[in-house]
Amino acid sequence: MKPPKASQRFRSIRRNANQHYFYQESLLLSNLEDSFTADETGDSHDPEQIFQNIQFQKDLMANIRCRPWTMGQKLRALRRAKDIVLKFEGRLTRTRGYQAAGAKLWRKFARLACNFVVIFIPWEMRIKKIESHFGSGVASYFIFLRWLFGINIVLTIMTGAFIVLPELIAGQPFGSTASKTIPKEHIASAQDLDTVWSLGGYLQYSVLFYGYYGRERRIGRAGYRLPLAYFLVGMAVFAYSFIILLKKMAKNSRMSLASASNENYTFCWRVFCAWDYLIGNPEAAESKTAAIVNSIREAILEEQEKKKSKNLAVTICLRVVANILVLVSLAGSIYLIYFVVDRSQKLAQSKKELTLWEKNEVSVVVSLVTMLAPSAFDLIAALEMYHPRTTLRFQLARVLVLYLGNLYSLIIALLDKVNSMSIEEAAPQNSTSHWIDSTVFFATRAAPGEERWSTLGPGIGLRRNSTWASEEANIPTYISPLSGANKTTVSTRSPQDQCWETYVGQEMLKLSIIDMLFTVASILLIDFFRGLFVRYLSDYWCWDLESKFPEYGEFKIAENVLHLVYNQGMIWMGAFFSPCLPAFNVLKLIGLMYLRSWAVLTCNAPHQQVFRASRSNNFYLAMLLFMLFLCMLPTIFAIVRYKPSLNCGPFSGQEKIYDIVSETIEKDFPTWFGSVIGYISSPVVILPAVLLLFMLIYYLQSIARSLKLSNHQLRMQIQNASIVSEDRKKVAQMVEARIQTQDETTKRFPKDSDLGSQLSSAYSVTPQNNGTVVNFDSSSSRSKTDFGLKD
Amino acid sequence: MGGSGSRLSKELLAEYQGSTLTGSLPSARAHRRFCELLPQEHRSVEESLQARVSLEQILSLPELKANPFKERICKVFSTSPSRDSLSFEDFLDLLSVFSDTATPDIKSHYAFRIFDFDDDGTLNREDLSQLVNCLTGESEDTRLSASEMKQLIDNILEESDIDRDGTINLSEFQHVISRSPDFASSFKIVL
C-alpha cells in the first residue's frame, strides 16, 4: 500500500518541480490531493475524519487568496473544496441550508458594497499619475492629504448635523436675541470689505462662531438639547480624531514590525525594496535608477568610512555653531511675534484709524516667519555635515518646534486676553475697559486703573459705568440703554463684543485663511515662476539654468507634510469655538489638493536622492498625534479655567462650561444615576484605575522585552541548526555515491533509481526549505527503508 | 455567454473575484485590457479565456515598459511550458499579486521568484549580481564596479543570510522584506 502512494507523491512532486519550484505550495497541493484521495478510498465513514476534512476545506476556501498558487490551481482547489463541503455537509446536517445561503448572500452584498465604495474614492487617477511620474514618496503626501480630507469630512458632518443644523432649523433666528444682532453702531460698517476681512459684521453673528448659539436648554418641538450637544460634540471631535489616528498607527505598525526591533537591513532594502513598481514613465524610471545607484554607492561609502577615523574637532565646532544659530533664530521668531503683538496693541490704543498693514501686521508676520524660517534652517544645516537622513530629521524637528512655538505664543496671547476679558466681566466696578477694535488681533493684560477714556468725554464715561453695573444684574437679556451710550464715532465694545469664545474662534479662522493665502502665494511664486524662469530664460542666460542653480524645484515631501500637520493642528485648536472650522478646512484641503497636484506635475522635477524621514510609516502619524495632543490642551484649559461669557453662547450663565453635563445629569436622569456617576468620578475610583493602567503598561512592556529575547534565541537556534544540516548533507552525498555505484552494478529496479535521484535532490533541498525539512525527511526516510527492504 | 462581444459572464467574474481577487480590482477592466492585446479576430469571450498573449505584447503595456524586471515578471507568471506567453488567468494572477489588497506574504513570495533568475529556489551570488545589474541600468557610468558589487553582495548576505549557507532562501527573504516599511506600497502595479 505504502510504496505506490509514496512513489505517486514523488511523481507528482517531480511534475510540479519541473514547472515551479520546491516550494511549500507544491507540498500543500500534494496534501490537498492526498486528502481528496483519502476520502475516496473508503475512510469516509468515520464522521470525525469527515468533519476534520470539511473544516480543512472550509479553511482553504476562506484563505484561498493568501496562497501563492496560480489562478488555475486556485480555481481547481476552490471548486474541489466546494464540492466536498457540499457533498458531506448534506450528509451530516440539513439545518445549515439557510445559514449557508445567508452567508453567501452576505458575501455577495459585501463585495458589491466594496466595489461601489471604491468608485467614491476621490482623486484616484490624479494620484496614480503622480505615482507614475514621481514615485511613491511624493504620492504619499497626497495620500496623507486625502486621508486628512476624510477625517475633516467626518468632523464636518459631526458638527454640522448635531450643532449647526439644529441651531439653524430650530434655534432663534438672526436678529431676535441680543447675541444674534449686530449692535447698532456696527451696522453701518457691517458690509465693508474691511469688516468682512476681519470676520466681523454679519460673519461674526452667524453660525460660524460660538456666540451665535442659543442658551435655551431645549429647542424646537422635539426638545433638542443644544448646549449639551455642543459640549459633547466638541469632545467627540477630539475623541474621534484620537481613535482614528491610533487605529491607523496600530495598523501601520502591524505591517512593519521593524519599529520594535533594532534589526538593520540597509543593504538588503536598498536592493530588494528599491524599485518602485508604480513608475510607468521612462523619465521617472531613469531618475529612479540614478537614485538607486546613488543610494547603493553611498551606503558602500558609509560602510567604509565607519572604519576610518574622522577629524572630529572641526565637525563638532561647526555643529555647535549651527545649533546656537538655530536656537537664536527660534527665540528670535518667538520674540518677533510677541513684539509685533505688543506693537499692534499700542497702536490700537493710540490711533483711531489703523492702516491696512497695521491691522493685519501680526498675522502677516506670523505667516512670513512660518514660510521663511524653514529655508533658513535648511541653509544652517549645511554647516553641520550630517548624513542626509539625520539632517532631514533635525530639519523636521526644528520646523515642528517653530510651528508649535508660533501656535502656542498666539494661543497664550489669546488666552491672556481671554483672562482679562473674564476678569473684566466679573468685576464691572473696575473702570477699565478695552477699546479694542475687532480687527486688532491681540492685546496684553490690562492693568487695573488704566484709563483709555482719553478719546471720549468724561460724561459718556460716567454713563458707561452705570450701565456696567446694571448689566451685571440682568444676565441674559440685552439692555437697550447701553446703545444710547455709544453714540460716539469711536468704536466701542458692547456686551456682544465681550464674547471671548467668538473672539478665539475668529482668530483661529483668520489664521487659517491667511495661511491658505500664503501657501497659494508661495506655490505660485516659488515653484511656478521659478519653473517659468528656468524654462524660458535658460536659453538667454550665461549658464544652463536647468542643470545648475536654480534648477527646477523639488517637491519637499517632509516639509509639506509638516505643513499639513500644522494646518490640522490649527483646526483642532479652534474647532470648539468655531464649529464651521472643519467645513472651511474641507474646502481648503480640496483647493490645496488641486493646486499642489497641478504644481507638482508642471513645475517640479523628480528627486535625485530620496531619503525617508524614518524607517516607519508612523513618523508623520506620530507627529500628527503629538500635534493633536498639544492642540487639545488649550481648549481643555479654556473650558476648565474660564467662565463662559455672560452674553453669548450656549453656556452663558454657568460657572464653568462643563457644568452643562452635571446639570443634565441632575435634571434629566433619575437620582440613582446621578449618585452612581458621583461615585465613579470620585478619587476613590479614579486613582485605583490610573494605578491599574500603569501596572498594565509595565506588564506589556516586559512582555515585549521577553519576546525580543526569545526572537534572538530562535535566531541562534537557526544558525546552529544549519550547521547540523550541513553535516547531514555530507552524509546524504555519501549515501548517494553508494547508490550510484550500486546502480551501475545492478539494474534490476528502475524505480529505485527514480527514488534514488529523488532522494539526492530532496536532500539538496532540505537545508533551504525550513518549513519542509520534516516532510522531506520523513518521506525520504520512508523510501530509504523501502529501498532497504528491496535490497 | 455570447452576449455583447467581449464581456465576461457574471458568474465567471464572480468566481474570479470571490476566489482570488478582492473588490478593488474589477476583473472586467483587466479583461478589457487583455483583449486589447489580442488580435482582432480572437477577441470573443471564449477565445480570450483560452488564448495566450506573447511576451512582447505584454511587455508593451505602459505599466510594465519602464520596469527593469519586466521579463522576469512575465516569466514567473506564465504557466505555458516554454514560459513565453500569458493566458488571461495568468494576467489576472499578475494583477492580483501586484494589487493593493494582496497580502505582504504573497507579495514577498512572488518578489522572491522574480529575483530568482536561475529558478533554483534560492538567491545565490549570481542571482544577486544579476539583480543589481538590472537595477542599475545599462549605461556605463551607472553600473557598479566589480569591487563595489562584491562588497555589496557580501553586505547583503551578511545581513540576511541567517543560516550562513551563502544563499538566501524564501524564509530569510520574507523575514527581511517583512521588516521593510515601504515594500508593500512600492510593490504595486495599478491598471
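Residue numbers start from 1 in every chain, and the chains themselves are labelled A, B, ... in the order their sequence lines are given, proteins ahead of strands.
- The shortest distance between side-chain heavy atoms of B:L152 and A:R270 does not fall below 4.5 Å.
- The minimum heavy-atom distance linking B:L135 with A:V271 is given by the pair CD1-O, 3.3 Å.
- Note that the CD atom of B:E63 and the OH atom of A:Y277 stand 15.0 Å from one another [nearest 0.5 Å].
- Proximity to chain A (any heavy atom under 4.5 Å) is restricted, for B:T103, to the side chain, taken from C-beta onward.
- With a 4.5 angstrom heavy-atom cutoff, B:L123 touches chain A only via side-chain atoms.
- Taking each heavy atom of A:I300 and B:E148 in turn, the nearest pair found is CD1-O, 3.7 Å.
- The aromatic rings of B:H175 and A:Y265 sit perpendicular, their planes meeting at an angle over 60°, well past the 30° parallel limit.
- Remark: aromatic rings of B:F183 and A:F272 are distant, center separation not under 6.0 Å.
- In this structure, A:K129 places its NZ atom where only 12 or fewer heavy-atom neighbours from other residues, nucleotides or ligands lie under 6.0 Å away.
- Within the 4.5 Å cutoff, no side-chain heavy atoms of B:K188 are placed close to those of A:D276.
- Looking at every heavy atom in both residues, B:A66 comes nearest to A:G280 through CB-C, 4.1 Å.
- Expressed to the nearest 0.5 Å, how far CG of A:L278 lies from CZ of B:F187 amounts to 11.0 Å.
- Between B:S186 and A:C273, the closest heavy-atom pair is OG-O, 4.1 Å.
- Around CD of A:E283, the count of heavy atoms belonging to other residues, nucleotides or ligands within 6.0 Å does not exceed 12.
- Side-chain contact check for A:T266 versus B:E159: some heavy-atom pair is nearer than 4.5 Å.
- A distance of 9.0 Å separates CG in B:N155 from SG in A:C268, rounded to the nearest 0.5 Å.
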Just do the side-chain contact (heavy atoms from CB on, under 4.5 Å) check on B:L144 and A:R297 with the steps written out, would you? CA-CA 8 Å; B:L144 293 182; A:R297 287 212 169 114; 3.8 Å; yes
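- Nearest approach of A:K74 to B:D93, heavy atoms of both residues: NZ-OD1, 4.4 Å.
- With a 4.5 Å cut-off on non-hydrogen atoms, B:I73 touches chain A through its side chain but not through its backbone.
- Most heavy-atom pairs under 4.5 Å with chain B, from the set A:I121, A:T289, A:N281: that is A:T289.
- Within the 4.5 angstrom heavy-atom criterion, no atom of A:R107 approaches chain B.
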